[in-house]
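Per chain, numbering begins at 1; letters A, B, ... match sequence-line order.
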Amino acid sequence: MSLIQESLQKKSNKGKYCRFRRYGIKYIDYKDKDFLMKFLNDQGKVLPRRITGNSAKYQRKVAVAIKRARQLALLPYVADNLK
Amino acid sequence: MSLKHYETVFILNPVLSEKETKDAVAKYKKLLKDKGAKMVHEENLGPRKLAYPIKQKSTGVYQLFEFQAPSDIVAGMEIAFKRDENVLRFLTVSLDKHGVAYNDQRRKWKANNPEKATEETKEEVSKPAPRKAAPKAEKVEKEATSAAKTSEAKEEKAEAQKAAPEAKAKTEATEPAAKEDASN
């Protein structure tokens with residue numbers, strides 16, 4: 001194994017955690033627009049799990065909540081300079 | 001047939017006068033009651049700016065109904081929404097136990113904090129719970145660490161070991177703790 005490969009393996013997760021598991025949040029409200037904005041980028045797209053640190057289960061729930069909020073025009077489908 | 005918990009949000013035309021919006025809301029409420037629904041909560045979220053124009057309108061009046069009903073009446077209500085020209089959008093969601101618990105907590109939180117008109121985040125609503133989870137964490141930790149070691153990739157191991165014992169303790173302890181909070 002080369003030295004480069006070792007340094008890749010040692011790279012930490014930067015202390016990222018799933019905030020839903022950490023705080024015991026079980027339900028993600030689709031009506032809470034300000035909370036859901038944390039999971040969108042400035043174009044209104046849903047951020048990937050590797051960026052937000054969500055576990056798979058909660059990432060799915062977040063995605064469902066965001067899509068519902070989009071349908072109710074609480075969040076846009078497409079945007080620019082959302083933040 | 002058992003009653004399911006539902007939540008409906010619908011957007012009304014903003015151009016309607018106050019009386020007309022009230023009439024429209026009352027009409028749907030009556031429709032539900034006639035078919036045997038039990039209203040748990042209704043909330044007027046008021047006029048809000050839409051994120052994108054719907055039917056060339058940029059604002060709408062949001063109304064929320066939370067009710068318990070047998071599962072066959074929801075379709076009838078949605079057909080009524082579709083027929084009504086003043087309803088721009090509607091969304092009906094079936095609430096699971098976590099959703100019902102969240103709504104109960106939110107209402108109690110709002111009753112206790114009437115000044116905070118802006119929406120609180122879920123973290124505020126559920127924050128007190130994790131601190132109470134600490135004493136119970138130790139018991140669950142031992143079970144959880146063994147489970148965490150057998151799971152998944154090497155990179156995630158460190159994270160899982162930290163997160164899993166805390167998470168399991170919190171998820172198990174939160175619900176009783178949260179109920180304690182709600183009753184307080």
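In this structure, chain B has a heavy atom under 4.5 Å from the backbone of A/Arg70, while its side chain stays farther away. In this structure, chain A has heavy atoms under 4.5 Å from both the backbone and the side chain of B/Leu50. With a 4.5 angstrom heavy-atom cutoff, B/Tyr62 touches chain A only via side-chain atoms. For chain B, the nearby parts of A/Leu74 are the backbone and the side chain; heavy atoms of each come within less than 4.5 Å.
Residue B/Val61 is not grouped with residue B/Ile54 when hydrophobic side chains (ILVMFWY) are merged at heavy-atom distances under 4.5 angstrom, including chains of intermediate members. Placement of A/Val64 and B/Val100 in two distinct hydrophobic clusters is found when ILVMFWY residues are connected by side-chain heavy-atom separations under 4.5 Å, directly or transitively. Cluster membership check: B/Leu3 does not share its hydrophobic cluster with B/Leu32, using side-chain heavy-atom separations under 4.5 Å among Ile, Leu, Val, Met, Phe, Trp and Tyr. Tracing side-chain contacts under 4.5 Å through hydrophobic residues (I, L, V, M, F, W, Y), one reaches A/Ile66 starting from A/Ile28; they form part of the same cluster.
Note that the NZ atom of A/Lys31 and the CG atom of B/Leu91 stand 9.5 Å from one another [nearest 0.5 Å]. Rounded to the nearest 0.5 angstrom, A/Lys33 NZ and B/Arg48 CZ are separated by 6.5 Å. Residue B/Phe10 holds its CZ atom at 11.5 Å from CG of A/Leu72, rounded to the nearest 0.5 Å.
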message: A/Tyr27 vs B/Leu95, test: side chain to side chain contact (heavy atoms under 4.5 Å, CB included). Steps then yes/no.
response: CA-CA 10 Å; A/Tyr27 177 73; B/Leu95 291 173; 3.6 Å; yes
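Here the closest heavy-atom approach between residue A/Gln71 and residue B/Arg89 is recorded as O-NH1, 2.7 Å. Here the closest heavy-atom approach between residue B/Ala51 and residue A/Pro76 is recorded as CB-N, 3.5 Å. Taking both residues in full, the closest heavy atoms of B/Tyr52 and A/Leu75 are given as CE2-O, 3.8 Å, listed atom of the first, atom of the second, then distance.
In the hydrophobic clustering, where aliphatic and aromatic side chains (Ile, Leu, Val, Met, Phe, Trp, Tyr) are joined below 4.5 Å either directly or transitively, B/Leu16 stands alone.
Enclosure of atom NZ in B/Lys57 by more than 12 non-hydrogen atoms of other residues, nucleotides or ligands within 6.0 angstrom is indicated. The 12-atom threshold is not exceeded at NZ of B/Lys19, counting heavy atoms of other residues, nucleotides or ligands nearer than 6.0 Å. In this structure, B/Lys35 places its NZ atom where more than 12 heavy-atom neighbours from other residues, nucleotides or ligands lie under 6.0 Å away.
Note on B/Ile11, B/Val93, B/Leu64: by heavy-atom pairs under 4.5 Å with chain A, the leading option is B/Val93.
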